[in-house]
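Below you'll find the structure, written out as structure tokens, and then a few comments.
Chain naming here is simple, since letters A, B, ... match the order of the sequence lines and numbering starts at 1 in each.
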Amino acid sequence: MTASGPSASPGSLSTISTDSMVQITRNDDDERTGPRAPHMDQLLWSKSKVYVHPTAYARDNIPGFVALTKRDGLNPTYLLAWIPETLLDEKGRDEWEKFTKVEAKPAELDDDIVLVDLPSRGESYAFSVPLSSVYSLIVHPPSLSSWYGSIGINLIDGLNLSTLHFHDDESHSLTQGQTSYSWGGEDLLQRLRQYANLLRSSLQPTLFLVDPSRQDIETHSTLLFNDDSVDSILHTSSPVPPHRRPRPQSISLPASPDAERTRGHSRRNSILHQTFAPLAPASPSSQARSALLAGFSNITRATRHAAQNILSHPLAKPILPHLPDPVKSLVNANGEWSSWVEKGGVGEFESARIYLARWARIVAEEGERSRRKEAQTIPAESTSTEETSDLGVFELLRSTISSSQPPPKASREPQRPVDRRAWEKFFNKDNSGRPRVSFAEFRHEVFKRGLTPGLRRTAWPFLLGVVPWDVDAEERERIWAEKKAEYARLKGAWCGVPEVFNREDILDERHRIDVDCRRTDRTQPLFASVPEKRDMASSFSPNIQDIGAQPPSNEHVDTLAGILLTYNLYEKQLGYVQGMSDLCAPIYIETGADEALTFWCFVDVMERMKQNFLRDQSGMKKQLLTLQQLIAVMDPEIYRHLEKIDGLNLFFCFRWILIAFKREFAFDDVLKLWEVLWTDYYSNQFILFVALALIESHRDVILRYLVEFDEILKYCNELSGTIELDSTLAQAEVLFLSFAQLVADIDRRTEEHKHTRVQLRRRKSTAKDGTVVNAPATPSEVAALDKMQLPTISENLRELLKSGRDK
Amino acid sequence: MGRVIILGDSGVGKTSLMNQYVNKRFSNQYKATIGADLHVLLTKEVMVNDRLVTMQLWDTAGQERFQSLGVAFYRGADCCVLVYDVNSSKSFETLDSWRDEFLIQASPHDPDNFPFVVLGNKVDVEENKRQVTQKRAMTWCQSKGNIPYFETSAKEAINVEQAFMEIAKNALQQEAEVELYADYPDPIKIDSESTQNYGCNC
């Protein structure tokens, strides 16, 4: 074997093929070991399409091979290497074939020896390191957020190598018809086990220590912390006073593998779905730790500030040595973190906990998604699983109320919205415009299916009551013409009337309205454009002094402001209140900038929502109180938690209710949600069930991490943009149905109670009158009655059962 | 930890200022802060006199209708930031009522010495649009017990860091004083000397 001579540039490879051997050589200086002669290493195992992701962008990903090699010597050395494809490309097909050949058939003892020379660290993230210098691996099997799964490599000297991502779908072992469907990273671990002792940490299941020291074995093998290590660590080392610490999860050690598998479901008591579903079958334990570690993988994307926060958390301490270098440097750069933690600097408001909570939520959502996916692939199990998950709240209700009714199910089919054709079928074919279906049926269809975007302009006025349902087209047109004229009249009261337009009080209102319209839904095409002349003044605010420095307006922004000013004069008592522009803008967009139609649709939306904007806040207070009572009967545990943290005012739901989740969902989802709410199908206040569904889907995170009022507020504010609409609505529906059943049950039992009490009283009175003096109701009877203490259903709560409005 | 509440008319740039300070970012896409948004809370570690502290910044709605909600948050505040737009004299003229409203609702222990900071925002806009002169603003601040005054631009990140450093300092000092009062349940027993020890007039 001879090297093919020094290569032109450092790090480039040369190859030599002999009959049974292929070799790569490279002549460059190894920075670590100093100049050396090219080593020929035996290629033992290789895996293609293992990528390094230098940035968050897929376009920057670098494909390569991960390989295990053996370097002969007195004591043979085993090396772990990654070679980018570009390095092999330089030398052509032969080079590739060596690796693909070994990939297809890993080297066994008697095999032909394939020799390669591996690059050391350097070019294009390439590396080769002796296994003895590897301290630990951080293994993330494929999950829904990261399809490929990854392995991070930490070296003993504290350096860390590029994280390897296994793009198995592109890999040769699959494309060439191999039947191995295990994850590439798992293959690597299997192979590594032949050459090194791998210890999976019991502290952190994604952490694998390579040939661990005695001390590390002790630290990472202890089962003390089996499932609650995070809490244990918190409780032993945290300066956080006990009442402020996250609550330990009430999971006992699984009794059997089977129990472990089903724990996700059996644990649930009053939540619709298991938010802490196991991450993956391989690592079901310690969701919190997973969340923490998942958090670290996000750190590159998170701000430096966020990273410092999380690393300052006591939880981070035991894991710190295993963190990738850049992350550690955040801690070091700060320099303060340990002393800060020790001094008890983890203050009243512990932002780290919010980060933890947020990550826990993300992990939980992934878990939920993969659980659903799993359920879909196993049809036999899926029904039972889904039923269990839908049972959630109901199980609790059943345990206290023992209902005999079947558990409610969600009925929505958002995947097939009502389109133009379906819409036309609602009406007679005789072109009279008379509907064939009842208004209630129409509302039910919209509740169940929603509308296609193009149909909203037509259907919303019916849904909202701008035009009546049960009349013919002619009558409808007549009514609409009246309304249109009425709008023109209302607008004419200020538009083009300087003495009104410039009146002191109108000036104030105009200022308020304009400032808000200029920052409402400006990303929507209609409102996004800005005229060439970027002047701050506009037709609505000709005088810039009136509004100060504001973003430039455009014609649609001005029209929207005009609609709101007209409404301001139409509803004099109420006036314009911030938040109204949020409610009006989507209507303006969906009606295709039809001014009069927007106005009247908005008027009807406001008929439902006026109460939210009353000066004394009485409407909001009432709704929040009702929601509070709803939580109390539907989920007493969350209620008690909120009570403990002074969160019963439900301020964190304020924005949700005030503008009907406008700021929480993406624009298109807001439209879908609103039309469902406008149907009043189950309840005129279905929005409260949507709010409850949201709280329920985050209940575990809330209970576990959010132990201060301001934390829950911040957490909920930041949910904005992360909520999945259809599953939330499905939960809301199940919650409503459960609530309705609960009320019916309570009423039935109250009746029974009355009956029983009357009987007991009768017996008592007989005893008094009769000869047997000392025979009241037996203690067990009294206890039974006490035990059946039923939740009271307030008037507010009963109102929730009302549906449909008189128009 | 210092708790800071930010008040001022709608559209003067309260949210923008906080985001510029905390996230070093400015966007034209901020939405009106409404209702519960008033609790949007941002934290930031700042070094004040070599101490690492957390700041809680409570953003509020500009429309007074939502202020009744804010009372709970007014109460815990260690510093109150009043913001106006230098291009709108109306937003400056309402500072008085914002200040009064805060003092009534928060009812601080020592209203005369409760720390306020005034920010005149949007100084990046052309000078000819400006409606409130620096002199006018400073005169007002002096008349209210020498309130520190900064002219800022959240858009161009002018003076934002400096202003919030001052705010943090004030908040911490106030917090220390509140703690002092808390240590002595009967405030009458605190003589002026011992308060002076804490109230560093730097």
Side-chain angles (χ1 to χ4, degrees), chain A residues 303 305 308-309 312 334 336 340 345 347-351 354 507-508 511-512 514-516 518-523 536 544-551 575-579 581-582 612-617 620 649 651-659 663 709-711 713-714 716-718, chain B residues 1 3 9-13 15 22-24 28-45 47 51-56 58-59 61-66 68-69 72-73 76 84-92 121-126 129-132 153 155:
Chain A
T303 62
H305 164 69
Q308 279 175 347
N309 261 329
S312 306
N334 184 337
E336 281 267 344
W340 184 56
E348 277 179 71
F349 172 76
E350 202 181 335
S351 35
I354 290 184
L507 205 72
D508 273 2
H511 161 253
R512 243 192 271 283
D514 199 12
V515 164
D516 283 356
R518 287 174 190 236
R519 45 184 174 160
T520 302
D521 291 327
R522 290 307 288 272
T523 50
M536 280 180 241
I544 190 239
Q545 292 98 296
D546 298 345
I547 55 166
Q550 299 299 335
Y576 172 80
V577 185
Q578 290 198 307
S581 65
D582 277 282
N612 293 6
F613 297 95
L614 297 176
R615 202 166 293 275
D616 59 2
Q617 295 290 331
M620 282 305 296
N649 52 34
F651 275 136
F652 58 93
C653 307
F654 189 92
R655 188 174 69 195
W656 300 355
I657 310 288
L658 185 85
I659 48 173
R663 301 269 179 97
F709 163 61
D710 45 17
E711 292 175 350
L713 198 61
K714 185 167 167 61
C716 287
N717 271 340
E718 289 173 2
Chain B
M1 181 180 60
R3 282 172 194 262
D9 276 5
S10 102
V12 296
T15 307
V22 176
N23 301 318
K24 303 271 174 287
N28 273 316
Q29 298 296 345
Y30 292 118
K31 295 162 185 289
T33 306
I34 52 159
D37 241 11
L38 98 140
H39 318 121
V40 164
L41 167 153
L42 303 160
T43 55
K44 171 149 180 148
E45 278 75 43
M47 294 291 293
R51 252 182 83 198
L52 192 68
V53 297
T54 304
M55 293 241 291
Q56 256 192 19
W58 293 85
D59 196 3
Q63 189 161 7
E64 64 281 4
R65 191 160 311 195
F66 294 112
S68 68
L69 289 167
F73 310 104
Y84 78 97
D85 174 357
V86 298
N87 309 290
S88 155
S89 44
K90 196 180 153 285
S91 72
F92 175 73
N121 194 32
K122 306 194 189 184
V123 293
D124 54 282
V125 178
E126 311 95 278
K129 296 222 164 79
R130 183 160 177 156
Q131 291 189 13
V132 182
S153 161
K155 192 176 182 178

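One distance of note links CZ of A:Arg655 with OG1 of B:Thr33; it measures 9.0 Å at 0.5 Å rounding. A:Arg518 contributes atom CZ, which lies 12.0 Å from atom CG of B:Asn28 (distance to the nearest 0.5 angstrom).
If you measure heavy-atom distances from B:Ser91 to chain A, you find no contacts under 4.5 Å at all. Residue A:Thr523 touches chain B through both its backbone and its side chain, counting heavy-atom pairs closer than 4.5 Å.
Contact detail for A:Val515 and B:Gly11: the closest heavy-atom pair is CG1-CA, 3.6 Å. The two residues A:Gln578 and B:Ala61 have their closest heavy-atom pair at OE1-CB, 4.1 Å. Of all the heavy atoms in A:Gly548 and B:Ser88, the pair that sits closest is CA-CB, 3.7 Å.
A donor-acceptor pair is defined here as one N or O able to donate and one able to accept, closer than 3.5 Å; no such pair exists between the side chain of B:Gln63 and the backbone of A:Gly579. A:Asp516 places no side-chain N or O within 3.5 Å of a backbone atom of B:Ala32 that could act as its donor or acceptor partner.
Of the candidates A:Leu507, A:Ile547, A:Asp508, A:Asp508 is the only one forming a side chain to side chain contact (heavy atoms under 4.5 Å, CB included) with B:Lys90.
B:Arg3 is listed as a side-chain neighbour of A:Asp710, based on a closest heavy-atom distance under 4.5 Å.
Contacts with chain B were tallied for A:Asp582, A:Leu614, A:Thr520, A:Val577; A:Val577 has the most, counting heavy-atom pairs under 4.5 Å.
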